[in-house]
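Since the structure comes first, as structure tokens, the remarks are kept for the end.
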Amino acid sequence: QVQLVESGGGLVQAGGSLRLSCAASGRTISNYTMAWFRQGPGKERDFVAAISWNGGSLWYRDSVKGRFTISRDNAKSTVFLQMDSLKPEDTAIYYCAAALSSRAVMTTRTYDSWGQGTQVTVSS
């Protein structure tokens with residue numbers, strides 16, 4: 001398994017931006033599909049975005065399309081989530097995840113490794 005550590009969360013006003021980072025260690029992530037999920041209070045963990053091993057394929061949930069951008073730097077074993085035009089409904093703990101599979105990327109079961117999460121709070 002690969003170890004993942006998220007950073008970059010915080011408190012921001014609606015309309016603002018945050019950039020989350022996910023640093024990987026233990027194994028190279030160059031073979032992994034990487035993703036971000038989020039979990040709000042009392043809610044299930046939901047898919048946000050995913051990126052294929054070489055960045056050639058990207059996936060987003062509908063509600064973040066055009067506002068969030070996922071990217072990766074395999075040389076630095078880091079994945080990013082740029083979040084713009086944030087809304088109060090984006091408030092959640094954001095988790096980074098890694099999977100060797102490139103199928104069913106929007107499903108939590110696909111992922112082998114998870115970070116501890118970083119809190120994102122968007123005030124209205």
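Along the sequence shown, residues are numbered consecutively beginning with 1.
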Calculate, to the nearest 0.5 Å, the distance between atoms CE and CG belonging to Met83 and Leu18 respectively.
4.5 Å

With Tyr95 via ring-ring contact (aromatic ring centres under 6.0 Å, His included) - residues at least two apart
none

Do any N or O atoms from the side chain of Gln116 and from the backbone of Glu6 form a donor-acceptor pair under 3.5 angstrom?
no

Indicate the atoms forming the closest heavy-atom contact of Val2 with Ala24, along with that distance.
CG2-CB, 3.8 Å

Contact between Phe37 and Asp46 at the side-chain level, heavy atoms closer than 4.5 Å - yes or no?
no

Is any side-chain N of the basic residue among Asp90 and Lys87 closer than 4.0 Å to the acidic one's carboxylate O?
no

Does one side chain, of Arg109 or Thr107, offer a donor that lies under 3.5 Å from an acceptor on the other?
no

Taking every non-hydrogen atom, the tightest pair across Pro88 and Ser124:
CG-CB, 3.8 Å

Starting from the C-alpha separation in whole Å, work towards a yes-or-no answer on side-chain contact (heavy atoms from CB on, under 4.5 Å) for Ile51 and Trp59.
CA-CA 6 Å; Ile51 185 168; Trp59 300 265; 5.7 Å; no

Could you tell me which non-hydrogen atom of Leu81 sits nearest to which non-hydrogen atom of Ala49, and how far apart they are?
CD1-CB, 4.2 Å

Can you measure from CD1 (Ile29) to SG (Cys96) and round to the nearest 0.5 angstrom?
7.5 Å

Drop me the distance from Trp36's CH2 to Phe47's CZ, to the nearest 0.5 angstrom.
12.5 Å

At what distance, to the nearest 0.5 angstrom, does CE of Met34 lie from OG of Ser77?
9.0 Å

Can you see which heavy atom on Thr78 is nearest to which on Ser21, and at what distance?
CG2-CB, 4.4 Å

If we only count heavy atoms from C-beta on, is the Leu4 to Trp114 side-chain gap below 4.5 Å?
no

Please confirm whether the backbone N or O of Ser30 pairs with a side-chain atom of Thr28, one donor and one acceptor, at under 3.5 Å?
yes

For Tyr32 and Arg27, run side-chain contact (heavy atoms from CB on, under 4.5 Å): C-alpha distance rounded to whole Å, both residues' side-chain angles, the deciding distance at 0.1 Å, then the answer.
CA-CA 10 Å; Tyr32 284 77; Arg27 291 186 178 183; 3.6 Å; yes

Give a yes or no answer on whether the side chain of Tyr111 reaches the backbone of Ser101 with a donor-acceptor pair at less than 3.5 Å.
no

State, yes or no, whether a side-chain contact exists between Ile70 and Val79 at a heavy-atom distance under 4.5 Å.
yes

Can you name the residues that form a side-chain hydrogen bond (donor to acceptor under 3.5 Å, both in side chains) with Asp84, not counting sequence neighbours?
Ser17, Gln82

Of all the heavy-atom pairs spanning Asp73 and Phe80, show the shortest one and how long it is.
CB-CE1, 4.2 Å

Report the C-alpha distance between Val120 and Leu20 in whole Å, list the side-chain angles of each, state the deciding distance to 0.1 Å, and finish with yes or no for side-chain contact (heavy atoms from CB on, under 4.5 Å).
CA-CA 9 Å; Val120 171; Leu20 304 184; 4.0 Å; yes

Backbone N or O of Thr121 within a donor-acceptor pair of the Thr91 side chain at under 3.5 Å?
no

Please go through Leu11's hydrophobic cluster and name the other residues, only I, L, V, M, F, W, Y counting, with side-chain heavy atoms under 4.5 Å joining them.
none

In terms of heavy-atom contacts, Ala92 and Gln119 come closest through O-NE2, 3.4 Å

Out of curiosity, Leu100 CG to Thr33 OG1, how far, rounded to the nearest 0.5 Å?
8.0 Å

OG1 (Thr108) and CD (Gln39) are apart, to the nearest 0.5 Å, by 10.0 Å

Would a distance-only check, ignoring hydrogens and angles, find a side-chain to backbone donor-acceptor pair under 3.5 Å from Arg67 to Ser85?
yes

Regarding Arg72 and the six-membered ring of Trp53, is the cationic atom NZ or CZ under 6.0 Å from the ring centre and inside 45° of its axis?
no

